[in-house]
Amino acid sequence: CVAGLRGYQSVRLDHRESDQWQAHAGTEHGYKLVQLRQGQQAREAQGNKKAIGVTQRSSWPVYAFCVALMVLVSLPALAQLAGSVPDAEPEQDPYLEGLRAVSEGRTEDAKAIFAQLVANVPNHAAAWLELAILQCALGNKKEADALFDTIVERFKPAPTIFLEEIAKHRAEGCRGRPLQSRFSLTVERGFDSNVNQGASNSIFGFGSGAQRVELPLLPEYLPQKDRFSTVAIDYLRELSPNGTLGILQFRSRQYDALSRFSTTSLALGADTPWQFGRWQGSSGLMLSVLTLDQRLYQKQVNVQSRVKIPLSLPKNLQLQLVGGVSRTLYPSLVNYDATTYELKSVLSYQTENHRAQANIGVLKDLADANRIGGDRTGELANIQGRSRISDDIYLDWGWAFQHWQSKKAYSPGLIDQARNQRMQTFRAALSFPFQDKYSLQIEVRHVRNKENISLFEYRGNVIQASWQWQRF
């Protein structure tokens, strides 16, 4: 995720990298089926082929483990604040609500809150001052001067600190706060032990008993390793004083030898915060394209909304609900287009030197036309965090799990199993920031994809070093 100007974690394009590569790997594996089917056709006259049964495994251990992880994440805050959570939620303070809106960049919301507060409580001097400063920050000099005059007249003698603030803002001319932006450039160099997601088992077997057939896979369908270079650009800019963000993301990964797996992606989007009573959240739209071997491979539209659950949690914890829908098109492939729905809960924990986030959710992938395997249902869970080891060293870590269960047999008559995929990703990195704008990072990542069809089961390791420059 890319941190937004107000701390919002926007959707990164590379969070779908596994799905993109999986779809591509599915195409490569489609070529394997030609080889397998040729061997099978010579035996079809024997008949009586038996389907291979699929053993369904319960998902409850995954849910239990993820819930336990969330509890572990919250334990430090719970221990620190034990007994401090009130039995009943206190009445919301409009003044604090307005200050919160200012800190989150929702200046229009803050202006409305303070305007309502001074109408209801005319003697609330601090609310008058905040409203005047907001008008000044928005460039509304006439309205700000009128409010400054009202404060001086209404609250005689006005506190010295009020007079100093008024004099400072008048001297600056109320030109309005410029819209903020953030830019980062990242350059990576790394090694991937399994670029093509080659099968872990070099022999693929199907059928049973006398009908059992085992065929060796061609070398190109086994793991292939290579070095790579990556350039990534992230740009975020405020589009309005109320905190709406414009997002641009560019990413290009080029392999030294296996250039047919090189990818380039571009994403454009926007995200806007909102509030409805005590419910706060944001909604965003992202459009992206991806090329594979310099040819258009994927187009995607993603809509996502997140809402903060207004519960009385310890101050270090925050609970959110996130929902999204993605429409993915594959211009160069037949029967691969799909619509994916996602719903997950997000528990965040943050202190001065540590932060962590745990997610758990469900997925549904609806295929168009006659996609191999048909529709899919799934679950996801992950936990990630960052800890400050020293003033100049940070440890980033993470674990992610994703499960997909296809509805139909993968290739009836040849592979009669419905695909059951369970992928885990483990990640660890050390970051070394320096001179405020720069950082170096060394990262290792291990991917373990288990399947009931050995043709698709693979493992891979990535190690990479990156340099990043940021401008605010």
Side-chain angles (χ1 to χ4, degrees), residues 11-30 33 54-60 62-63 66 197 263 265 267 269 284-290 292 296-306 321-346 359-382 400-412 415-425 447-453 455-458:
V11 181
R12 283 189 61 88
L13 178 66
D14 58 2
H15 89 286
R16 290 214 158 265
E17 190 175 53
S18 61
D19 283 346
Q20 295 163 358
W21 282 112
Q22 193 59 48
H24 175 66
T27 307
E28 295 287 340
H29 293 147
L33 291 180
V54 179
T55 302
Q56 300 287 347
R57 292 189 290 178
S58 172
S59 297
W60 71 264
V62 176
Y63 289 112
C66 294
Q197 297 183 351
T263 60
S265 60
L285 170 69
M286 185 76 76
L287 308 175
S288 65
V289 294
L290 181 139
L292 180 66
L296 180 61
Y297 178 70
Q298 183 190 81
K299 298 187 292 184
Q300 187 177 86
V301 179
N302 177 270
V303 179
Q304 186 182 81
S305 289
R306 60 176 59 214
L321 187 65
V322 180
V325 57
S326 299
R327 176 65 178 167
T328 308
L329 305 176
Y330 297 89
S332 60
L333 302 177
V334 178
N335 295 335
Y336 268 80
D337 299 349
T339 302
T340 304
Y341 299 88
E342 178 185 47
L343 181 64
K344 63 182 179 181
S345 60
V346 182
N359 305 329
I360 186 169
V362 293
L363 302 162
K364 191 170 184 64
D365 187 44
L366 303 180
D368 289 3
N370 298 313
R371 187 180 69 178
I372 295 175
D375 297 341
R376 301 184 299 173
T377 57
E379 306 88 36
L380 63 87
N382 67 71
F401 170 84
Q402 184 170 280
H403 169 236
W404 282 113
Q405 174 64 62
S406 295
K407 188 175 181 180
K408 300 178 181 178
Y410 186 80
S411 181
I415 301 178
D416 293 319
Q417 295 169 284
R419 189 174 176 185
N420 189 343
Q421 177 189 16
R422 297 173 182 269
M423 178 186 292
Q424 294 187 77
T425 302
V447 178
R448 185 183 303 164
N449 185 58
K450 290 190 174 183
E451 305 242 4
N452 60 331
I453 303 174
L455 188 66
F456 307 123
E457 189 164 293
Y458 69 90

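Since the model is a prediction, treat every value here as computed from it, not as a measurement.
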Open item on the list: So, using salt bridge (charged side-chain N to carboxylate O under 4.0 Å, His left out) as the criterion, who are the partners of Asp337 when residues are at least two apart?
Closed with: none
Open item on the list: According to salt bridge (charged side-chain N to carboxylate O under 4.0 Å, His left out), who are the partners of Asp368, at least two apart in sequence or on a separate chain?
Closed with: Arg327
Using every non-hydrogen atom in the two residues, find where [X] and [Y] come nearest and quote the distance to one decimal.
X      : Y      : answer
Ala418 : Ser406 : CB-O, 3.6 Å
Gly374 : Lys408 : CA-CD, 4.3 Å
Arg371 : Ala338 : NH1-CB, 3.4 Å
Leu455 : Ile415 : CD2-CD1, 4.5 Å

Would you indicate whether the side-chain heavy atoms of [Y] and [X] approach each other to under 4.5 Å?
X      : Y      : answer
Phe456 : Arg419 : yes
Thr377 : Val362 : no
Val325 : Thr339 : yes
Gln417 : Tyr410 : no

Distance, nearest 0.5 Å, that separates [atom1] of [X] from [atom2] of [Y]:
X      : Y      : atom1 : atom2 : answer
Glu379 : Trp404 : CD    : CH2   : 9.5 Å
Lys407 : Asp365 : NZ    : CG    : 12.5 Å
Leu290 : Gln298 : CG    : CD    : 5.5 Å
Ile372 : Asn335 : CD1   : CG    : 8.5 Å
Asp375 : Lys364 : CG    : NZ    : 6.0 Å

Task: Donor on one side chain, acceptor on other, Asn382 and Asn359, under 3.5 Å - done: yes
- [ ] Run the numbers on Val301 and Leu329 for side chain to side chain contact (heavy atoms under 4.5 Å, CB included), then give the verdict.
- [x] CA-CA 9 Å; Val301 179; Leu329 305 176; over 6 Å; no
With [X] via side chain to side chain contact (heavy atoms under 4.5 Å, CB included) - residues at least two apart:
X      : value
Ala409 : Pro412
Ser332 : Tyr297
Val322 : Gln304, Arg306, Lys344, Val346

TODO: Report the C-alpha distance between Leu321 and Leu343 in whole Å, list the side-chain angles of each, state the deciding distance to 0.1 Å, and finish with yes or no for side chain to side chain contact (heavy atoms under 4.5 Å, CB included).
DONE: CA-CA 8 Å; Leu321 187 65; Leu343 181 64; 4.1 Å; yes
Open item on the list: Checking side-chain hydrogen bond (donor to acceptor under 3.5 Å, both in side chains) between Asn420 and each of Lys450, Gln405, Glu451, which is the one that passes?
Closed with: Gln405
TODO: Could you tell me whether a side-chain N or O of Asn449 sits under 3.5 Å from a main-chain N or O of Glu457, the two making a donor and an acceptor?
DONE: no
Task: Residues forming a side chain to side chain donor-acceptor pair (under 3.5 Å) with Ser305, sequence neighbours excluded - done: Ser283
TODO: For Thr328 and Tyr336, run side chain to side chain contact (heavy atoms under 4.5 Å, CB included): C-alpha distance rounded to whole Å, both residues' side-chain angles, the deciding distance at 0.1 Å, then the answer.
DONE: CA-CA 9 Å; Thr328 308; Tyr336 268 80; over 6 Å; no
